[in-house]
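Note on naming: letters A, B, ... go to the chains in the order of the sequence lines (proteins, then strands), and numbering restarts at 1 for each one. Treat the numbers as computed from the prediction; the structure is a model and nothing was measured.
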2 protein chains.
Amino acid sequence: MEVVLLPQQTFFNLPEEKRQKVLQVAMEEFARNTYENASLSRIVNKLNIAKGSMYQYFLDKKDLYKYVVQSVYKQKRQYLQPVWYKHSQDFYQLLSAYYRSSWQYAQEHPVHHRVIANFWNSRDAEMRQEILREKKMRNIEFFDQLEQAMARGQVTRELNPEAAWFVYHAVGRALADNFLEVPAEVSQHEEFINSVLHTVRLGLEPRKGNIQ
Amino acid sequence: MEVVLLPQQTFFNLPEEKRQKVLQVAMEEFARNTYENASLSRIVNKLNIAKGSMYQYFLDKKDLYKYVVQSVYKQKRQYLQPVWYKHSQDFYQLLSAYYRSSWQYAQEHPVHHRVIANFWNSRDAEMRQEILREKKMRNIEFFDQLEQAMARGQVTRELNPEAAWFVYHAVGRALADNFLEVPAEVSQHEEFINSVLHTVRLGLEPRKGNIQ
DNA sequence: CCTCCATGTGACTGGTCAGTCATATGATTA
DNA sequence: TAATCATATGACTGACCAGTCACATGGAGG
């Protein structure tokens, strides 16, 4: 997934610092608001630049939005990539580590997290598909690791891998949705999060006595 | 949970038919749009009534919205209530039945489903809390039934009931989010949904050989 | 018939928005 | 200096919005 050249050349001719500032302020706007409710006028006001300038950098609101979403995903991906290869011997440690890293990423980059959450909640399914198509979502790592865990006997063969991914992903998103709003209280929820992870684990583990 | 008298008396003096029509059109608007993006102007146009009339019925946009959300929840609750008591001997049958009924309800009332989804995705957490406070969410039934299932040995005592509820609820919402958009293809997804339910089940069941 | 009152009305206010475009600025090149 | 070109500007357009209010309507009671 590369952030392709959506913006106009003019944007890339900008001094690095200004370019970053534009991206940052736009992110904040799209974090606080859905695509539809975000306001270009607010963005340019905050940046103290003319509205017209923004239209030198980007074709329109949607073009700016795509750039913002892709930038966020690029950074998140870079952040999480290493986790998949750190715990390759224990699948449950891996899952736990991945949840925790996602959580941690969201903690450290609440603006990014909100942008992504808004992206997924967007009313405009068509645009979402359009952006995802360009991005090429990949969860290959999960299936790779799941297969290896099954081979190791750490996960029951009884499972449908797609269903496992689904449960894993649904719980991850719900955890983030529910507890990330309340800041600075992670440790308070720590125990509960562990219980949830444990529940998921019990769903994946083979049982000694029966079945398998 | 009762739908309290949010609207003005004028609204309740309306002939039943017109009152229903107003509610229905408003629901459709709040199904297609988040609270912020919904438009009173569009609603009154569709109803062929004057804007001012709407302000005879409701204090403002928010007042109308509260009424719509509460109406939807009231109906959904009535629909789902019986399920809890039909399968009281088998917890997994119960869960499956409840998922299926929720699903079915969403299928039969896609507008209601969208209203609720938008409600949960709303940017305005404060208003959501305000509405929920008036509504008094209850999942007492789940915990009752879970306790009984544990007593019967059908669910492992190893579980934290709150965590079980969380996983159950997260998966339910995600299932609805993901598959309800694509209409008329329920049966195609049937198998996948079963796999997901099975995964959850494995997470709750006690194992014969080890632990418990 | 007239009065009264609940109800209905829609033009209007003041606000927000995305997007446009004629014009200005300022740097580089001839 | 003059010409050229990339970039910056912000007033303006047309559209939409929530909410208001002076006035219209129409039925019930005197």
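- Here the C1' atom of nucleotide C:dG26 and the CG atom of A:N13 are 16 Å apart, to the nearest Å.
- Side chains of B:Q104 and B:E108: a donor-acceptor N/O pair is present below 3.5 angstrom, by distance only.
- No donor-acceptor contact under 3.5 angstrom links the side chains of A:D144 and A:Q148, judged on distance only.
- Between the side chain of A:R128 and the backbone N or O of A:S122 there is at least one donor-acceptor pair closer than 3.5 Å.
- Looking only at side-chain heavy atoms (C-beta outward), A:Y67 and A:L23 come within less than 4.5 Å of each other.
- Under 4.0 angstrom from either OP1 or OP2 of C:dT7 there lies no side-chain N or O belonging to B:Y57.
- Set against C:dG8, C:dT9, D:dA18, the side chain of B:I49 has C:dT9 as its closest nucleotide.
- For B:E29 and D:dC16, the CD to C1' distance is 13 Å, given to the nearest whole Å.
- Whole-Å rounding puts the B:K18 NZ to C:dA6 P distance at 17 Å.
- Aromatic ring centroids of B:F142 and B:Y98 lie 6.0 Å or more apart.
- A salt bridge does not link A:R32 to B:E36: none of the charged nitrogens lies less than 4.0 Å from a carboxylate oxygen.
- Using a 4.0 Å heavy-atom distance criterion, B:S53 is classed as a base contact.
- Distance, B:L47 CG to C:dG8 P: 12 Å, rounded to whole Å.
- Distance CG (B:N45) to C1' (D:dC17): 12 Å, rounded to an integer number of Å.
- An end-to-end axis angle of 20° holds for the helix from C:dT3-D:dA28 to C:dA30-D:dT1, taken from five base pairs per end and rounded to 10°.
- Between the OH atom of B:Y55 and the P atom of C:dT13 there is a distance of 17 Å, given to the nearest Å.
- Cation-pi geometry between A:K62 and A:Y35 is not met: the NZ or CZ atom fails to fall both under 6.0 Å from the ring centre and inside 45° of the normal.
- Between B:S41 and D:dC16 there is no side-chain polar atom (N or O) within less than 4.0 angstrom of OP1 or OP2.
- Atom pair B:Q56:CD and D:dA24:C1' shows a separation of 13 Å (rounding to whole Å applied).
- Here B:K51 lies in heavy-atom contact (under 4.0 Å) with a base.
- Nearest-nucleotide mapping onto DNA chain C: of A:S39 and A:G52, the residue sitting toward the 5' end is A:S39.
- Atom pair A:F58:CZ and D:dA8:P shows a separation of 12 Å (rounding to whole Å applied).
- Under 4.0 angstrom from either OP1 or OP2 of D:dC16 there lies no side-chain N or O belonging to B:R42.
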